[in-house]
J.: 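Sharing a structure, written as structure tokens. Questions coming.
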Amino acid sequence: MNLTKNEFQVLEFVECSKEKVSQRKLSTNLNISVGTVNKIISNLTSKNYLTYTSEDGIKSTKEGREALEPFRVKRAILLA
């Protein structure tokens, strides 16, 4: 389950987004070229981390959410 930095950014953006996500939107928000986003989406789709439909756009799968789990913050201490 090794993710590159760009794969992580794309997967995390798709997971956190509440609206329909497109390649152009990913490219603009993450400051990555559309060609690179296309390649990343292909890689993540082949790993079954993302799915794509014309109605819903790009969505994360159960496997994609599990791939992000090791990066999730479980405890945090805030100092004021």
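Quick caveat: nothing in here was measured; it's all calculated off a predicted structure. For the numbers below, each heavy atom of this structure counts, side chains included, while hydrogens, waters and symmetry mates do not.
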J.: Identify the heavy atoms of Arg24 and Val34 that sit nearest to each other, and give their distance.
T.: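 It is NH1-CG2, 3.4 Å.
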
J.: Go through the steps for Asn48 and Lys62 under the test side-chain contact (heavy atoms from CB on, under 4.5 Å), then give the verdict.
T.: CA-CA 9 Å; Asn48 199 27; Lys62 180 182 172 206; over 6 Å; no

J.: For a quick test of reading the model, state the closest non-hydrogen atom pair linking Leu44 to Glu7 and the distance between them.
T.: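 It is CD1-O, 3.9 Å.
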
J.: Return all side-chain donor-acceptor pairs below 3.5 angstrom for residues 35-42, not counting sequence neighbours, or 'none' if the list is empty.
T.:
| unit_1 | atom_1 | unit_2 | atom_2 | d |
| --- | --- | --- | --- | --- |
| Thr36 | OG1 | Ser33 | OG | 2.8 |
| Ser42 | OG | Asn38 | O | 3.1 |

J.: Which heavy atom in Tyr49 sits nearest to a heavy atom in Leu3, and how many Å separate them?
T.: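 Shortest heavy-atom separation between Tyr49 and Leu3 comes out as CE1-CD2, 3.8 Å.
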
J.: Any side-chain heavy-atom pair from Lys20 and Glu55 closer than 4.5 angstrom?
T.: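 Not touching, per the 4.5 Å side-chain cut-off.
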
J.: Any non-hydrogen side-chain atom of Val14 less than 4.5 Å from a side-chain atom of Leu50?
T.: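 Yes, at least one pair of side-chain atoms sits under 4.5 Å.
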
J.: Kindly list each side-chain donor-acceptor pair under 3.5 angstrom involving residues 67-80, sequence neighbours excluded, with atom names and distances?
T.:
| unit_1 | atom_1 | unit_2 | atom_2 | d |
| --- | --- | --- | --- | --- |
| Glu69 | OE1 | Arg72 | NE | 3.2 |
| Glu69 | OE2 | Lys74 | NZ | 3.3 |

J.: I need the Leu11 CG to Asn6 CG distance, nearest 0.5 Å.
T.: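 So the CG of Leu11 and the CG of Asn6 are separated by 12.5 Å.
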
J.: Is Lys59 close to Thr53 at the side-chain level, that is, under 4.5 Å between some pair of heavy atoms?
T.: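 Counting from C-beta outward, Thr53 and Lys59 never come under 4.5 Å.
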
J.: Would you mind reporting whether Arg65 and Glu15 have side-chain heavy atoms less than 4.5 Å apart?
T.: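 Of all side-chain heavy-atom pairs linking Arg65 with Glu15, at least one is under 4.5 Å.
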
J.: Before giving the answer on side-chain contact (heavy atoms from CB on, under 4.5 Å), spell out for Gln9 and Ile32 the whole-Å C-alpha distance, their side-chain angles and the decisive distance to 0.1 Å.
T.: CA-CA 10 Å; Gln9 288 178 327; Ile32 303 172; 3.9 Å; yes

J.: Would the distance check show the side chain of Thr45 and the main-chain N or O of Thr51 forming a donor-acceptor pair, the cut-off being under 3.5 Å?
T.: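 Looks like no, no N/O pair under 3.5 Å.
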
J.: If you count every heavy atom of other residues, nucleotides or ligands that lies below 6.0 Å from Asn31 atom CG, does the total exceed 12?
T.: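 Result for CG/Asn31: open.
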
